[in-house]
Each structure stands twice: as C-alpha cells, then as structure tokens.
Visitor: 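I have a structure here, written as structure tokens, and I will follow up with some questions on it.
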Amino acid sequence: MIPSPKTENELLERAYSLAGYSLGELAAQHGLHCPADLRREKGWVGMLLETCLGATAGSKPEQDFQELGIELKSIPISHLGKPLETTFVCVAPLTGVQGLTWETSHIRNKLSKVLWIPVEGEREIPVCERRVGMPMLWQANEEEEAQLKADWEELMEFIVLGKVHEISAKHGEYLQLRPKAANSKVKTEAYGAKGQPIKTLPRGFYLRTQFTAKLLARHFMLPEEG
DNA sequence: ACATGATCATAA
DNA sequence: TTATGATCATGT
C-alpha cells in the first residue's frame, strides 16, 4: 500500500512519476489485474490511479485528499488530447436544499482544486496498453467559477421548485444533471411541484466535455477551435 | 459523430 | 440505500 501523500508537492511528484506508464504496467506494480475492457468495471482506471497515488479508497463524500484539499479525477482523452467522456462530480442533492448556495455546496468543494490525470481512452486501444499522461492541478479561474455557479443555480432552481422531472441533460452550459444510479428503476426522495415528497431517479452533476476540454487546452496550450 | 440516458462494480 | 469510481450504448 502506498502511504497517503502529506503535501501537495509530494502528491504532484508522485502523479508526474506516473506519466508515460501504461495502465497494465501500473496495475502489475500493484498486483492488480487489468480488464480487457471497461464494460463491467467502469471505474477501474480511477481506482487504479487512487491506488497509485495513495488515496484512501472508500466512498466518503469528501475530496480524495481531504487534508490537501484536492480531488482526484482521471479523464479519458482522444489521440488529440480532447476528453472522450463527461466527468461525474457528485450526486445532486434533491432534498434539504433550502438555503444551499454555490459557495456552500458539495460540488463546489469537490471542484475547488482538482488533480486531473489524462489517460488514453480510445476504445481501440486495449485497456492495458493505454498510457497515462501528464497530470494537471487545476483551480477554476474567475470565468470558470462564474460559469459553473450560473449553471448550478439554474439546475438547482428546478430542484427547489419541485421540477426535477423537467430537468434533462440539455440544461446547463458546462455543468449538467444526468441520471446517476444502478439502473433507471432506482428511486430516491425529492420534492414535487407542490412541495410534496416524491420518488425520482437519483441525479448527478457532470462536467461537459466542452468544459474539461477548455481546462486541458488552457493548461497544455492545446489549440482550441472557434 | 456525439450527447443523453442507462448502466456496472463495490463499500459502508 | 447512499456514496465512490466512471463508461457504455443507443438515439438523434
């Protein structure tokens, strides 16, 4: 077991040391089996990187490195360095949202500082051969913070008004709300339009690929279109 | 081609 | 049941 990093620099150095290795090599270093595909182990890459970096595995609703105030996220990228998938951030609160603000929200805490680790994600590359890229420690700049806050407020308004059923993934420019459950039959508590308790599909906040693409471009000086 | 809605594994 | 880790796979 890798001990948890005590400082930000220790975490960063460890993260940088992973760049260039394949997932198969990293898995072998930790005695882990590399799956042929991710259909039945969608979180495998993320879990592997947690192991490599000494994150305390678990399902606590906290940042991965709480003492450092840093959240770890793997991000699958194309050969051009663009994100191939949206990024799940956290489950959306559907009850007890009175008085909740962006500043005090769970999602903002998670996104306050993120260590992004790009990983080759093209499906034609066998999982074991996919390589880890250079990590990026990110904090939202003013513009990004404002964009996320605006989207969050738009989405939360549906929840507060009991209009969860009117939300679709099409809302929100950079942050979207989508199902987050084992399957579409799962139900959780929420509010109806008249304030009455209802049961609905659990939702999660996701960062659109357009947003994460901008982050990567800003950091790695990749060309942006438009 | 790509985003949306659906889904998979696991721990507490 | 809720949280964590996400990607799959179909419809548009």
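Both backbone and side-chain heavy atoms feed into the values below; hydrogens, waters and symmetry mates do not. Here is how names work: the chains are called A, B, and so on, in the same order as the sequence lines, proteins then strands, and each is numbered from 1.
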Visitor: Would you say B:dA3 has OP1 or OP2 under 4.0 Å from some side-chain N or O of A:Gln176?
Guide: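 For B:dA3, neither OP1 nor OP2 has a side-chain N or O of A:Gln176 closer than 4.0 Å.
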Visitor: Could you go through the salt bridge (charged side-chain N to carboxylate O under 4.0 Å, His left out) check for A:Arg130 and A:Glu122 one step at a time?
Guide: CA-CA 8 Å; A:Arg130 296 182 191 177; A:Glu122 312 266 25; over 6 Å; no
Visitor: Take the protein atom NZ of A:Lys73 and the nucleotide atom P of C:dT7, then report the distance between them rounded to whole Å.
Guide: 10 Å
Visitor: Does the base of C:dG5 carry an N or O that pairs as donor and acceptor with the side chain of A:Lys180 under 3.5 Å?
Guide: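 Side chain to base: pair present.
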Visitor: Within the structure shown, what part of the strands sits under 4.0 Å from A:Pro61 by heavy-atom distance: base, sugar-phosphate, or nothing?
Guide: sugar-phosphate
Visitor: Is the phosphate of C:dA3 approached by A:Lys110 (side-chain N or O, under 4.0 Å from OP1 or OP2)?
Guide: no
Visitor: Can a donor-acceptor pair be found between the side chains of A:Arg203 and A:Thr188 at a distance below 3.5 Å?
Guide: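 A:Thr188 and A:Arg203 do not have a side-chain donor-acceptor pair below 3.5 Å.
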Visitor: Between A:Lys113 and A:Glu8, is the closest basic N to carboxylate O distance under 4.0 Å?
Guide: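 A:Lys113 and A:Glu8: salt-bridged.
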Visitor: Out of B:dT4, C:dA3, B:dG5, which has the shortest distance to the side chain of A:Val91?
Guide: C:dA3
Visitor: Checking only heavy atoms, does the side chain of A:Tyr206 share a donor-acceptor pair with the base of C:dA6 at less than 3.5 Å?
Guide: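 Present.
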Visitor: Counting heavy atoms from C-beta on, name the nucleotide in C:dA6, C:dT4, B:dG5 closest to the side chain of A:Ser74.
Guide: C:dA6
Visitor: In whole angstrom, what separates A:Leu94's CG from C:dT2's C1'?
Guide: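 Between C1' of C:dT2 and CG of A:Leu94: 12 Å.
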Visitor: Take A:Arg40 and A:Leu201, find for each the nucleotide of DNA chain B with the closest heavy atom, and name the residue whose nucleotide sits nearer the 5' end.
Guide: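 Looking at DNA chain B, the more 5' nearest nucleotide goes with A:Leu201.
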Visitor: Has A:Arg39 got a side-chain N or O lying under 4.0 Å from the OP1 or OP2 atom of B:dT7?
Guide: no
Visitor: If you look at every strand shown and take non-hydrogen atoms under 4.0 Å, does A:Glu189 touch a base, only sugar-phosphate, or nothing?
Guide: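 Counting heavy atoms under 4.0 Å across all strands, no contact is made by A:Glu189.
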Visitor: Whole angstrom is fine here: how far is it from CH2 in A:Trp44 over to P in C:dA6?
Guide: 13 Å
Visitor: Just how far, in rounded Å, is P of B:dT4 from CZ of A:Phe205?
Guide: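 Going from CZ in A:Phe205 over to P in B:dT4 covers 15 Å.
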Visitor: Please name the pair of heavy atoms, one in A:Phe88 and one in A:Gly204, separated by the smallest distance, quoted to 0.1 Å.
Guide: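 Looks like CE1-CA, 4.0 Å.
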Visitor: When we call it a touch if two heavy atoms are under 4.0 Å apart, what does A:Arg208 touch: a base, just sugar-phosphate, or nothing?
Guide: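 A:Arg208: backbone/sugar contact only, no base atoms under 4.0 Å.
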Visitor: Would you mind reading off the distance between A:Leu53 atom CG and C:dG5 atom C1', rounded to a whole angstrom?
Guide: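 After rounding, the gap between these two atoms is 14 Å.
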Visitor: Looking at A:Glu145, A:Glu71, A:Glu103, which hits salt bridge (charged side-chain N to carboxylate O under 4.0 Å, His left out) with A:Arg108?
Guide: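 Running salt bridge (charged side-chain N to carboxylate O under 4.0 Å, His left out) over A:Glu145, A:Glu71, A:Glu103 with A:Arg108 returns exactly one hit, A:Glu145.
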Visitor: Under 4.0 Å, counting only non-hydrogen atoms across every strand here, what does A:His106 touch: a base, just sugar-phosphate, or nothing?
Guide: sugar-phosphate
Visitor: Would you kindly check if the NZ (Lys) or CZ (Arg) of A:Arg208 is within the cone defined by 45 degrees around the ring axis of A:Tyr174 and under 6.0 Å from the six-membered ring centre?
Guide: no
Visitor: Under 4.0 Å, counting only non-hydrogen atoms across every strand here, what does A:Thr87 touch: a base, just sugar-phosphate, or nothing?
Guide: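 Here A:Thr87 touches no strand at all.
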Visitor: If you compare every side-chain N and O of A:Thr188 against the phosphate oxygens of C:dT1 (OP1, OP2), does one of them come in below 4.0 Å?
Guide: no
Visitor: If each of A:Val45 and A:Pro202 is mapped to the nucleotide of DNA chain C with the nearest heavy atom, which maps nearer the 5' terminus, i.e. the 5' end?
Guide: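 Result of the comparison: A:Pro202.
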Visitor: Which part of the nucleic acid, if any, lies within reach of A:Asp64 when heavy atoms closer than 4.0 Å are counted: base, sugar-phosphate only, or nothing?
Guide: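 Sugar-phosphate only.
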Visitor: Locate the shortest heavy-atom distance separating A:Tyr206 from A:Pro179; write the atom from each residue and the value.
Guide: OH-O, 3.1 Å
Visitor: Where the side chain of A:Glu85 is defined as all heavy atoms beyond and including C-beta, which of B:dT4, B:dA3, C:dC8 is the nearest nucleotide?
Guide: C:dC8
Visitor: Starting at the 5' end of DNA chain C, which residue's closest nucleotide do you reach first, A:Arg123 or A:Glu62?
Guide: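 With A:Arg123 and A:Glu62 compared, the 5'-side residue is A:Glu62.
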Visitor: A:Phe88 side chain: which of B:dA3, C:dA6, C:dT7 is closest?
Guide: C:dA6
Visitor: Base, sugar-phosphate, or nothing: which does A:Pro76 touch, judged by heavy atoms less than 4.0 Å apart?
Guide: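 Contact class for A:Pro76: sugar-phosphate only.
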Visitor: Nearest whole Å is fine: how far is B:dC8 P from A:Asp37 CG?
Guide: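 So the CG-P distance, A:Asp37 to B:dC8, works out to 13 Å.
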Visitor: For a side chain to side chain contact (heavy atoms under 4.5 Å, CB included) with A:Phe211, tell me which candidate from A:Asp151, A:Leu148, A:Thr87 qualifies.
Guide: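 By the side chain to side chain contact (heavy atoms under 4.5 Å, CB included) criterion, A:Phe211 pairs with just one of A:Asp151, A:Leu148, A:Thr87: A:Leu148.
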Visitor: What is the nucleic acid contact for A:Gly43, judged by heavy atoms within less than 4.0 Å: base, sugar-phosphate only, or nothing?
Guide: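 Base contact - A:Gly43 has a heavy atom under 4.0 Å of at least one base atom.
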Visitor: Considering only C:dT7, C:dG5, B:dG5, which nucleotide approaches the side chain of A:Leu38 most closely?
Guide: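 Per side-chain heavy atoms of A:Leu38, the pick is C:dT7.
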Visitor: What's the CE-P distance between A:Met47 and B:dC8, to the nearest Å?
Guide: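 One finds 18 Å between P of B:dC8 and CE of A:Met47, rounded.
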Visitor: Of all the nucleotides listed (B:dT7, C:dG5, B:dT4), which has the minimum atom distance to the side chain of A:Ser184?
Guide: B:dT7
Visitor: Should the side chain of A:Lys42 and the base of B:dT7 be counted as holding a donor-acceptor pair, with the cut-off at 3.5 Å?
Guide: yes
Visitor: Could you check A:Arg178 against A:Glu41 and say which one's nearest nucleotide on DNA chain B is further toward the 5' end?
Guide: A:Arg178
Visitor: Tell me which nucleotide among B:dA3, C:dA9, B:dG5 gets nearest to the side chain of A:Thr209.
Guide: B:dA3
Visitor: May I have the distance from A:Lys185 (atom NZ) to B:dC8 (atom P), rounded to whole angstrom?
Guide: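 After rounding, the reported distance stands at 10 Å.
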